[in-house]
Amino acid sequence: MASAPRSHSFVAPGAAEGPHSSHWGTFFASFDGHHVKVRPHPGDPDPSPLINNFTNALRHTARVTAPMVRRGWLSRGPGADRARGNDTFVQVSWDEALDLVARELQRQRDTYGLESIFGGSYGWSSAGRFHHAQSQVHRFLNTVLGGYVRSVNNYSAGASAVIMPHVLGPLDAVARRNVTWEQIVEHTEVVLAFGGMAVRNTQVASGGISRHIERDAMGRAARRGCRFICVSPLREDLPEEAQPRWLPVRPGTDTALMLGLLHVLVSENLHDCEFLARYCDGWENFQAYLSGQTDGQPKDASWAAGVTGLVENDIIALARSLASKRVLVVVSHSLQRAEHGEQPVWLGVVLAAALGQLGLPGGGYNYALGTLAHYGKRNNAVPIAAFPQGRNSVDAYIPVARIADMLLHPGETFDYNGQRLRYPHVRLAYWAGGNPFHHHQDLTRLREAFRTLDTFIVHECVWTATARHADIVLPCTMTLEREDIGATPTDPLMVAMHRIAPPVGQARDDYEIFADLAERLGRREAFTEGRSSREWLRHIYETTRAALIERGEDAPDFDTFWQRGELVLPQSPDDGGMLRAFRQDPDQHPLPTPSGKVQISSPTVASFGYRDCLGYPAWIEPADVPDNEHPLYLVANQPATRLHSQLDFGAHSASCKRHGREVCRVHPADALSRRISDGDIVRLFNTRGACLAAAHVTDSIMQGVVQLPTGAWFDPLDPADERPMCVHGNPNMLTRDVGTSSLAQGCTGQLTAVQLERYDGPVPPIRAYEPPELGT
Ligand SMILES: Nc1nc2c(c(=O)[nH]1)N[C@H]1C(S)=C(S)[C@@H](COP(=O)(O)OP(=O)(O)OC[C@H]3O[C@@H](n4cnc5c(=O)[nH]c(N)nc54)[C@H](O)[C@@H]3O)O[C@H]1N2
Ligand SMILES: Nc1nc2c(c(=O)[nH]1)N[C@H]1C(S)=C(S)[C@@H](COP(=O)(O)OP(=O)(O)OC[C@H]3O[C@@H](n4cnc5c(=O)[nH]c(N)nc54)[C@H](O)[C@@H]3O)O[C@H]1N2
Ligand SMILES: [Mo]
């Protein structure tokens with residue numbers, strides 16, 4: 001595994017075959033006018049089946065093939081409209097569409113100022129560095145208009161990105177430059193994985209991934225004797241190769257389990273006092289809470305068993321088995337995408353510190369390892385340039401998952417990381433490269449929020465629910481229809497992403513669309529700097545090439561790189577990063593925290609005075625838990641068969657659905673008591689909404705929990721309904737739109753409480769991939 005990957009030449013069978021890359025793998029592809037043929041990169045030891053989602057995608061009926069304007073907006077003009085999401089569209093020419101967009105942008109800016117424009121906050125779009133749609137829209141709004149209301153953080157790590165700097169340092173230093181899979185294969189004795197490390201998730205890395213190594217690495221570590229413990233409601237959150245022990249924990253209670261483990265370690269004097277004294281700050285404060293001195297409740301194993309549903313003796317035995325071992329604590333992103341998600345992230349640090357493991361090879365704490373293919377890897381020794389964003393003159397921003405709050409409550413104040421902020425009055429949203437009807441919670445509320453806008457502009461390749469709720473939809477190319485450079489700092493392969501197929505219908509690249517809009521607003525040069533797409537690729541490539549030349553490495557010119565199809569980049573040594581340096585010399589290499597040490601408790605966070613995030617990590621009762629009416633936890637996790645909502649209609653994703661619906665896992669006991677059989681259509685519901693899904697009855701999920709992955713396109717039974725049922729299986733019909741806490745205001749979409757029943761009504765057809773009706 002340590003050996004560097006080789007460059008592969010790709011003198012391919014079909015003349016038209018070319019190299020390409022996606023967030024889920026590097027591959028070669030060709031197009032026959034109807035279908036795409038894909039072949040994984042030969043250097044990938046465990047390629048992802050997700051690449052097969054491309055085979056039927058390019059000419060699918062779901063593609064947007066011409067510019068479209070919503071009937072109501074065209075006839076009545078900009079303004080709040082309840083018809084959004086339930087209206088016909090009118091096809092217009094590119095010139096008409098661009099004139100309408102340019103005029104409306106100008107009107108908003110001149111009438112209300114830039115604080116009325118929201119720059120499409122979020123979304124993964126494609127793997128290429130240049131055509132990255134989010135960067136395109138942000139650069140456009142900055143360089144052409146002068147700025148926009150932005151968002152900070154993301155849906156992945158909303159809580160951890162804010163709490164981690166208070167406790168250890170920047171998130172990337174803890175997630176991306178820390179313990180590698182190489183170290184685990186060699187050194188680790190116990191991997192304690194909260195939320196598991198599902199190989200279905202390590203199929204993916206933003207910017208691309210050329211070698212999927214996680215399954216093999218876990219297998220090799222396990223064969224050497226490393227024990228893997230999967231703390232999760234789902235057995236499959238660790239692969240068989242890891243020979244895992246499954247510890248099914250009640251969702252949302254990991255914090256209590258960690259406290260129980262710490263209580264055993266401390267009361268049996270198995271904790272590393274020397275490490276805590278030398279490297280940590282604020283242990284006493286935390287210990288007062290742990291022991292019960294603060295609130296009268298010792299957080300002992302018996303208490304933890306009551307909260308988590310685990311057996312007291314199992315908690316005690318687990319704690320003892322960790323002492324004096326090379327232990328790696330892992331906390332997945334999923335744990336913090338929930339109420340009080342800051343707490344398990346913080347307590348993971350405390351547990352690793354109490355075990356004295358931080359900074360040791362293969363030991364300590366690697367937040368999010370195994371949730372994306374970025375983590376556990378070496379980092380490249382040369383930089384990869386991004387498409388520059390320009391300067392944003394607007395100060396107003398929101399934490400990304402507060403989008404619906406902002407639209408529904410303009411002018412109101414809210415807490416965020418020690419500050420009191422005010423929601424700006426946004427009247428126009430411009431989205432490119434994301435799908436809020438995939439990523440946001442409580443979709444009924446989100447529909448209400450988007451209905452308040454004057455104008456909603458979306459660039460999309462396909463008719464997502466977001467496009468259907470827009471006023472102006474501009475058709476854009478899919479990645480296979482254009483050239484780009486695929487690269488990310490944690491993968492050594494830079495890929496020349498060749499164009500595989502001509503664009504569908506009238507689709508154009510986001511860049512070309514923005515360039516023509518900039519022209520209409522008199523700012524073409526400011527946006528393009530006079531470069532064509534190809535010239536931007538050359539420009540971006542030069543940054544990497546210059547660094548290679550400086551290091552005396554193979555540094556082909558752009559044309560040679562393009563013709564070779566790929567370039568292997570040098571990587572930095574596996575040196576353990578910030579935490580190793582700190583452990584070796586805490587005086588020379590203090591952590592970037594107020595004390596320079598690990599903040600077991602944080603006076604800074606304490607000074608904010610929040611009741612939902614205290615000055616030390618703690619168990620805080622969540623509000624959204626099962627009750628008599630909604631007795632089950634719903635785990636709404638990442639889909640195994642696609643990336644988010646992308647290519648949901650793709651061959652692989654579609655082949656894994658049942659009766660065209662998303663599959664929901666149910667424990668046999670929960671199924672039996674509801675007379676649900678494997679394959680039945682079921683209805684999941686709570687006070688916020690409902691959706692249909694197909695049941696898969698399995699004992700790989702713990703009793704009392706159902707699981708429905710994200711990504712099935714929102715498909716309302718009746719779009720005119722105020723609270724429609726999704727007939728396809730989108731779990732965000734059910735999730736709650738509240739922040740993790742006043743500290744981070746992160747997304748809490750992973751967990752909610754639901755009821756489940758067999759659905760005996762007539763099964764409605766799936767219409768999510770049919771284009772909306774055309775009007776005149
Ligand atoms: N309930 C619940 N909700 C969740 C999560 C959860 O665990 N539970 N997870 C959250 C997480 S971690 C994430 S990261 C988000 C993901 O949320 P998103 O990133 O918004 O999801 P994607 O489906 O990847 O959306 C990308 C969109 O970009 C479009 N696109 C692709 N290429 C291009 C292009 O070149 N140009 C343009 N203009 N568009 C393009 C695609 O068609 C697609 O609609 O979801 C979050 N939502
Ligand atoms: N195939 C595929 N891979 C992906 C993605 C995708 O869409 N498809 N998305 C990528 C992205 S953007 C991100 S951010 C990462 C997200 O990475 P994560 O957020 O970690 O991924 P999830 O699959 O949502 O959750 C992992 C597991 O956590 C468990 N879990 C949920 N709640 C709890 C809890 O309270 N306690 C414990 N102990 N376990 C719990 C669930 O069983 C779930 O299967 O995944 C990435 N990988
Ligand atoms: Mo994510």
Side-chain angles (χ1 to χ4, degrees), residues 23-24 48 50 62 120-128 131-134 136-137 154-158 193-206 230-237 247-255 257 331-338 341 344 368 370-373 401 431-441 458-462 464-467 474 476-479 481-482 484 509-510 513 633-648 701-702 705 707-711 713 730-732 734-735 747-752:
H23 298 300
W24 46 93
S48 164
L50 265 60
S121 69
Y122 189 64
W124 271 55
S125 68
S126 69
H131 288 290
H132 183 241
Q134 220 190 109
Q136 293 279 343
V137 66
N154 53 43
Y155 280 75
S156 314
F194 294 92
M197 300 191 289
V199 282
R200 70 161 192 282
N201 285 347
T202 52
Q203 292 179 93
V204 168
S206 63
C230 179
V231 183
S232 172
L234 270 190
R235 191 204 306 268
E236 282 137 40
D237 282 338
L247 214 58
V249 67
R250 191 174 286 151
T253 66
D254 303 78
T255 298
L257 173 56
V331 169
S332 67
H333 279 314
S334 59
L335 264 69
Q336 50 89 65
R337 208 175 298 112
T371 67
L372 278 156
W431 225 281
N435 185 2
F437 277 84
H438 164 76
H439 64 234
H440 201 62
Q441 286 55 66
V458 170
H459 292 193
E460 253 298 352
C461 336
V462 282
T464 59
T466 303
L474 302 181
C476 66
T477 49
M478 259 188 197
T479 180
E481 296 164 341
R482 60 191 184 223
D484 214 325
D509 297 351
D510 293 294
I513 301 171
Y633 285 98
L634 171 68
V635 168
N637 60 354
Q638 312 307 311
T641 58
R642 59 186 168 260
L643 173 67
H644 311 143
S645 69
Q646 293 193 38
L647 309 180
D648 182 35
I701 188 163
M702 68 188 278
V705 181
Q707 176 252 342
L708 180 65
T710 55
W713 285 14
N730 188 320
N732 278 325
L734 306 156
T735 51
C747 154
T748 55
Q750 180 81 192
L751 296 177
T752 193

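Counting convention: from 1, in listed order, for ligands and their atoms alike.
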Task: Worked verdict on Asn201 versus Asn637 for side chain to side chain contact (heavy atoms under 4.5 Å, CB included) - done: CA-CA 10 Å; Asn201 285 347; Asn637 60 354; over 6 Å; no
Task: Protein contact to atom 29 (C) of ligand 2 [nearest heavy atom, distance to 0.1 Å] - done: Asp237 OD2, 3.5 Å
- [ ] Would you mind telling me if ligand 2 is within reach of the side chain of Leu335, the backbone, both or neither, using heavy atoms under 4.0 Å?
- [x] side chain
Open item on the list: How close do Asp484 and His131 get, counting heavy atoms only, and between which atoms?
Closed with: OD2-N, 2.8 Å
TODO: Decide, yes or no, whether a salt bridge links Arg642 with Asp648 under the criterion of side-chain N to carboxylate O below 4.0 Å.
DONE: yes
Open item on the list: If you take the nearest heavy atom of each of His333, His439, His23, which one is closest to atom 4 (C) of ligand 1?
Closed with: His439
Open item on the list: Only heavy atoms of Val249, strictly under 4.0 Å: list the atoms of ligand 2 that pass.
Closed with: 38 (N)
Open item on the list: With rounding to the nearest 0.5 angstrom, report the CG to OG distance, Leu372 to Ser332.
Closed with: 11.0 Å
Task: Heavy-atom nearest neighbour in the protein, as seen from atom 35 (O) of ligand 2, with distance rounded to 0.1 Å - done: Gly252 N, 2.6 Å
TODO: State, with a plain yes or no, whether a side-chain heavy atom of Asp254 is found less than 4.5 Å away from one of Val249.
DONE: yes
Task: Thr477 to ligand 1, any heavy atom closer than 4.0 Å - done: yes
Open item on the list: Once you measure the plane-to-plane angle for His439 and Trp431, does it fall in the parallel (<30°), tilted (30-60°) or perpendicular (>60°) bin?
Closed with: tilted
Open item on the list: If the contact criterion is a heavy-atom separation under 4.0 Å, does Arg482 count as touching ligand 1?
Closed with: yes
TODO: Run the numbers for me: atoms of ligand 1, each under 4.0 Å from some heavy atom of Val462, listed by number.
DONE: 42 (O)
TODO: Within a distance under 4.0 Å of any heavy atom of Glu460, pick out the atoms of ligand 1 and give their elements.
DONE: 27 (C), 28 (O), 29 (C), 41 (C), 42 (O), 43 (C), 44 (O)
TODO: List every atom of ligand 1 that sits less than 4.0 Å from any heavy atom of Asn732, numbering the atoms from 1 in the order shown and giving each element.
DONE: 1 (N), 2 (C), 3 (N)
Task: Leu234 vs Gln707 side-chain heavy atoms within contact, under 4.5 Å - done: yes
Task: For atom 24 (O) of ligand 1, closest protein heavy-atom neighbour - done: Gln646 NE2, 2.8 Å
Task: Cys476 neighbourhood, listing ligand 1 atoms whose heavy-atom distance to it stays under 4.0 Å - done: 36 (N), 37 (C), 38 (N)
- [ ] Before giving the answer on side chain to side chain contact (heavy atoms under 4.5 Å, CB included), spell out for Cys230 and Arg235 the whole-Å C-alpha distance, their side-chain angles and the decisive distance to 0.1 Å.
- [x] CA-CA 7 Å; Cys230 179; Arg235 191 204 306 268; over 6 Å; no
Open item on the list: Heavy atom to atom 46 (C) of ligand 2, shortest distance: which of Val231, Thr202, Thr371 holds it?
Closed with: Thr371
TODO: List every atom of ligand 1 that sits less than 4.0 Å from any heavy atom of Thr710, numbering the atoms from 1 in the order shown and giving each element.
DONE: 1 (N), 2 (C), 3 (N), 6 (C), 8 (N)
TODO: Would you indicate which of Gly434, Gly123, Ala127 comes nearest to atom 27 (C) of ligand 1 when only heavy atoms are counted?
DONE: Gly434
Task: Per-atom contacts, ligand 1 versus Gly749 - under 4.0 Å to a heavy atom - done: 1 (N), 2 (C), 8 (N)
- [ ] Could you list the atoms of ligand 1 found under 4.0 angstrom from a heavy atom of Ala133?
- [x] 36 (N), 37 (C), 38 (N)
Open item on the list: So is Cys461 touching ligand 1 or not, going by heavy atoms under 4.0 Å?
Closed with: yes
Task: Protein heavy atom at shortest distance from atom 10 (C) of ligand 2 - done: Leu372 CD2, 3.6 Å
TODO: Specify side chain, backbone, both or neither for Asn637, according to which of its non-hydrogen atoms lie closer than 4.0 Å to ligand 2.
DONE: both
Open item on the list: Can you tell me which portion of Val204 lies within the under-4.0 Å heavy-atom range of ligand 2? Options are side chain, backbone, both, or neither.
Closed with: side chain
- [ ] Taking atom types as modelled, find out whether Tyr155 and His440 have a side-chain donor-acceptor pair closer than 3.5 angstrom.
- [x] yes
Open item on the list: Quick test: of every protein heavy atom, which one is nearest to atom 23 (O) of ligand 2, and how far off is it to 0.1 Å?
Closed with: Arg200 NH2, 2.7 Å
Task: Location of contacts on Ser125 toward ligand 1, heavy atoms closer than 4.0 Å - done: both
Open item on the list: Under a 3.5 Å cutoff, is there a donor and acceptor pairing between the side chains of His459 and Asp510?
Closed with: yes
TODO: Could you tell me the residue and atom name of the protein heavy atom closest to atom 7 (O) of ligand 2, and the distance to it rounded to 0.1 Å?
DONE: His644 N, 2.8 Å
- [ ] Answer yes or no: does an N/O atom from Arg250 fall short of 3.5 Å to an N/O atom of ligand 2?
- [x] no
Open item on the list: Measuring from non-hydrogen atoms of Pro639 to any atom of ligand 2, is the shortest distance under 4.0 Å?
Closed with: yes
Open item on the list: So if I count the atoms of ligand 2 from 1 in the order they appear, which ones are less than 4.0 Å from some heavy atom of Pro251?
Closed with: 35 (O)
Task: Distance-minimising heavy-atom pair for Thr735 and Gly749 - done: CG2-O, 3.3 Å
Task: Thr253 contact mode with ligand 2 (heavy-atom cut-off under 4.0 Å) - done: neither
Task: Top protein contact for atom 36 (N) of ligand 2, by heavy-atom distance - done: Asp254 OD1, 2.6 Å
Open item on the list: Heavy atoms only: which of Phe437, Tyr155, Tyr122 lies closest to atom 11 (C) of ligand 1?
Closed with: Tyr155
Open item on the list: Check for me whether Ala338 has a heavy atom closer than 4.0 Å to any atom of ligand 2.
Closed with: no
Open item on the list: Measuring from atom 19 (O) of ligand 2, which candidate in Arg337, Gln750, Arg642, Arg235 has the nearest non-hydrogen atom?
Closed with: Arg337
- [ ] Answer side chain, backbone, both or neither: which part of Ala636 comes under 4.0 Å from ligand 1, heavy atoms only.
- [x] both
Task: Pair Thr641, Arg200: side-chain N/O donor-acceptor within cut-off below 3.5 Å - done: no
TODO: Grab the two heavy atoms, one from Pro344 and one from Val331, that are nearest each other, plus how far apart they are.
DONE: O-CG2, 3.9 Å
Task: Heavy-atom gap Trp124 to ligand 2 smaller than 4.0 Å - done: yes
- [ ] Could you check which of Ser156, Pro233, Ala205, Ser332 puts a non-hydrogen atom nearest to atom 39 (N) of ligand 2?
- [x] Pro233
Task: Point-to-point distance, once rounded to the nearest 0.5 Å, from NE2 of His438 to CH2 of Trp124 - done: 10.5 Å
Task: Distance (rounded to the nearest 0.5 Å) between Gln441 CD and Leu734 CG - done: 11.5 Å
TODO: Quick one: look up the protein heavy atom nearest atom 28 (O) of ligand 2 and list residue, atom name and how far away it is.
DONE: Ser334 OG, 2.7 Å
Open item on the list: Residue-level breakdown please: for Gln638 versus ligand 1, do any non-hydrogen atoms fall below 4.0 Å on the side chain, on the backbone, on both, or on neither?
Closed with: side chain
Task: Within reach of ligand 1, part of Met478 (heavy-atom separation under 4.0 Å) - done: neither
Open item on the list: Suppose we measure from atom 47 (N) of ligand 2 to each protein heavy atom; which comes out shortest, and what is that distance?
Closed with: Asn201 O, 2.9 Å
Task: Atoms in ligand 1 with a heavy atom of Ser645 nearer than 4.0 Å - done: 22 (P), 23 (O)
- [ ] Just let me know how Thr735 lines up against ligand 1, side chain, backbone, both or neither, with a heavy-atom cut-off below 4.0 Å.
- [x] side chain
TODO: Kindly identify the option in His131, His438, Gln441 whose heavy atom sits closest to atom 3 (N) of ligand 1.
DONE: Gln441
